[in-house]
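Working notes, beginning with the structure itself.
Chain A is the first sequence line, chain B the second, and so forth, proteins listed ahead of strands; every chain is numbered from 1. These numbers were taken from a predicted model, which means no experiment stands behind them.
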Protein chains: 2
Amino acid sequence: MIPSYVTNIFSFDITPYAKWKEFRKNELICREGDDLSDLVFLIKGNAKLFLTHENGKVTIIDFFKSPTLFGEMEFMGAQKFTNGVIALNKCVCILLPLREISHLLRDDTKFLNYLCLFLCRKALRNTSNYATNQNYPLVNRLANFILLSADGEIYNRKHTEVAEYLGVSYRHLLHVFAVLCEADILQHMDKKSYRIKDFSSLATMAVNENSL
Amino acid sequence: MIPSYVTNIFSFDITPYAKWKEFRKNELICREGDDLSDLVFLIKGNAKLFLTHENGKVTIIDFFKSPTLFGEMEFMGAQKFTNGVIALNKCVCILLPLREISHLLRDDTKFLNYLCLFLCRKALRNTSNYATNQNYPLVNRLANFILLSADGEIYNRKHTEVAEYLGVSYRHLLHVFAVLCEADILQHMDKKSYRIKDFSSLATMAVNENSL
DNA sequence: TGAAAAATATGAGTTTTCTCATATAAACCT
DNA sequence: AGGTTTATATGAGAAAACTCATATTTTTCA
């Protein structure tokens with residue numbers, strides 16, 4: 001029932017503590033500002049981590065793809081209040097109640113080593129993305145994003161979400177898509193999808209977000 | 001000799017392994033691309049972490065203020081090559097050779113807990129800064145930066161460095177300083193320093209980078 | 001099924017930020 | 001001390017990105 005890549009992280013048996021929970025699309029897995037009381041393994045589905053500014057604006061901080069983990073910040077006591085996590089499609093999670101097992105985890109070198117490595121990798125990814133975003137205009141970042149997220153030669157994503165993720169306005173994102181189409185690099189297909197006509201141009205202008 | 005806040009992180013005695021090393025201003029503590037073979041505690045001085053793009057452009061990723069730690073990424077094996085670290089003034093470091101002690105560290109729950117917490121806090125700070133930077137124009141970010149780094153009512157920093165840190169061109173930074181002066185919020189004093197004339201305006205427009 | 005909400009789309013005008021050119025002053029080296 | 005590099009400073013024009021307005025289509029959900 002609980003996948004081995006989860007149970008293997010620990011040097012003790014977590015099955016007595018683990019709870020299985022499912023979320024529908026658009027359901028909040030963590031509400032912004034709540035105390036988080038569990039360590040959460042996302043084993044199926046995708047979710048996004050977001051933060052609402054006083055501004056009212058919303059930033060997508062990250063996309064979570066299963067399998068992954070969150071709630072480490074709360075486990076470590078590094079932050080009281082969580083950011084929001086919302087299910088992008090049907091999600092399956094395994095919850096480990098912190099109250100019951102945090103003392104076990106703190107003594108578990110196997111788990112702690114795993115967590116350190118997990119945190120390091122996450123930090124590297126974030127830093128790389130951040131540095132990249134600051135130094136290149138949207139065309140370049142978008143080229144990269146298209147290459148990473150296209151299915152073969154077909155790109156098909158929600159503009160609204162992508163705009164938030166790339167940290168630009170919806171309007172500007174559309175503008176840059178239009179530019180890429182005009183340059184004959186993309187072709188606007190039926191309504192929502194684009195076809196990549198010129199992979200090499202796209203690759204040339206793309207910034208490699210994972211080259212750190 | 002080695003401060004207790006360093007020795008206290010470990011459950012064993014590190015003194016037999018620790019090396020003491022000093023760096024002059026502008027000396028490279030870590031060269032970009034090298035293998036890093038030590039865990040480094042910066043116990044005195046300030047340093048900056050940077051990354052050179054294929055672009056040629058340089059991003060300041062972070063400022064290190066003592067006391068802090070770096071080299072964790074290499075310890076965890078999360079990255080082969082380090083980013084550059086350069087001393088901004090005289091720096092004193094304690095080096096722990098990874099080859100000799102990494103197996104000890106991996107079994108040391110005290111150290112591992114410390115490292116997890118350290119990584120979490122770093123990640124939170126980075127995320128907060130990142131989200132902030134994406135959503136506010138420079139005036140707001142700069143207002144905040146001025147408040148954080150001013151000495152009383154006197155602000156005095158190198159524009160070149162600040163421009164890099166805030167991820168904008170030198171030209172634009174100067175422009176925004178001029179705007180703040182024109183609005184009677186700052187006053188341009190002798191050559192390099194500015195006096196804050198209107199704290200409350202500055203505070204109003206400032207984005208709080210540490211409100212996560 | 002029908003109304004409301006969300007996503008797509010495009011135009012026009014503005015703000016933010018960048019590039020490049022150029023000049024002067026300060027800091028650094030040997 | 002004198003030459004080199006680095007930091008400060010400013011102008012002009014262009015590119016990048018944003019806001020607001022507005023229209024259409026698609027999705028959601030009661």
Side-chain angles (χ1 to χ4, degrees), chain A residues 24-27 48 50 53 55-60 86-90 132-143 145 155-183 186-194 205 207, chain B residues 24-27 48 53 55-60 86-89 132-143 145 155-183 186-194 205 207:
Chain A
R24 286 159 302 171
K25 183 177 176 180
N26 292 326
E27 199 173 353
K48 74 179 176 192
F50 64 94
H53 296 265
N55 233 359
K57 283 194 198 176
V58 173
T59 309
I60 297 185
I86 194 165
L88 291 173
N89 43 37
K90 190 191 166 189
T132 295
N133 284 7
Q134 269 202 335
N135 282 297
Y136 294 85
L138 182 61
V139 225
N140 303 293
R141 288 181 274 146
L142 182 59
F145 183 82
Y155 169 92
N156 186 332
R157 292 258 164 173
K158 280 195 183 170
H159 289 327
T160 43
E161 240 173 61
V162 174
E164 277 184 11
Y165 181 54
L166 295 176
V168 297
S169 68
Y170 176 82
R171 185 63 190 88
H172 187 51
L173 178 67
L174 270 264
H175 172 67
V176 174
F177 264 106
V179 167
L180 288 176
C181 287
E182 210 162 309
L186 295 183
Q187 188 184 356
H188 201 168
M189 310 292 281
D190 45 276
K191 293 288 168 194
K192 294 191 173 181
S193 59
Y194 294 77
M205 67 199 326
V207 162
Chain B
R24 287 158 302 171
K25 183 178 173 178
N26 292 328
E27 199 173 354
K48 74 178 176 193
H53 296 266
N55 232 359
K57 282 194 197 177
V58 173
T59 308
I60 298 186
I86 193 165
L88 292 173
N89 43 38
T132 294
N133 284 6
Q134 268 204 336
N135 283 295
Y136 294 85
L138 182 61
V139 225
N140 303 293
R141 288 181 274 149
L142 183 58
F145 183 82
Y155 169 91
N156 185 332
R157 293 260 163 171
K158 280 195 184 170
H159 289 328
T160 42
E161 240 174 61
V162 175
E164 278 184 10
Y165 181 54
L166 295 176
V168 297
S169 68
Y170 177 81
R171 184 65 191 87
H172 187 53
L173 178 67
L174 269 266
H175 172 69
V176 173
F177 264 106
V179 166
L180 289 176
C181 288
E182 210 163 310
L186 296 182
Q187 189 183 355
H188 202 169
M189 311 291 282
D190 46 275
K191 293 287 167 195
K192 294 189 173 183
S193 60
Y194 294 77
M205 67 201 325
V207 161

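Put simply, NE2 on His175(A) is 13 Å from C1' on dA12(C), counting in whole angstrom units. As a whole-Å value, the separation of Leu138(A) CG from dT17(C) C1' is 15 Å. Distance, Asn140(B) CG to dT15(C) P: 15 Å, rounded to whole Å. In this structure, NE2 of His172(B) is placed 19 Å from P of dG13(D), rounded to the nearest angstrom. As a whole-Å value, the separation of Leu173(B) CG from dT16(C) P is 15 Å. In this structure, CZ of Arg141(A) is placed 18 Å from P of dA15(D), rounded to the nearest angstrom.
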Point to revise | Base-contact (B) and sugar-phosphate-only (S) positions in nucleotides 6-11 of chain D, heavy-atom cut-off under 4.0 Å, - elsewhere | key: -SBBBB
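Between the side chain of Arg157(B) and the backbone N or O of Val162(B) there is no donor-acceptor pair closer than 3.5 Å.
Looking at Glu182(B) and Val179(B), their side chains never come closer than 4.5 Å, going by heavy atoms from C-beta outward. Residues Leu138(A) and His175(A) fail the side-chain proximity criterion, which asks for heavy atoms closer than 4.5 Å. Taking 4.5 Å as the limit, every side-chain heavy atom of Leu142(B) sits out of range of all side-chain heavy atoms of Val168(B).
Residues Arg141(A) and Leu166(A) approach most closely at NH1-O, 2.8 Å, considering heavy atoms.
Remark: Phe177(A) engages Tyr155(A), His159(A), Tyr194(A) in a ring pair (Phe, Tyr, Trp, His ring centres under 6.0 Å) (not counting sequence neighbours).
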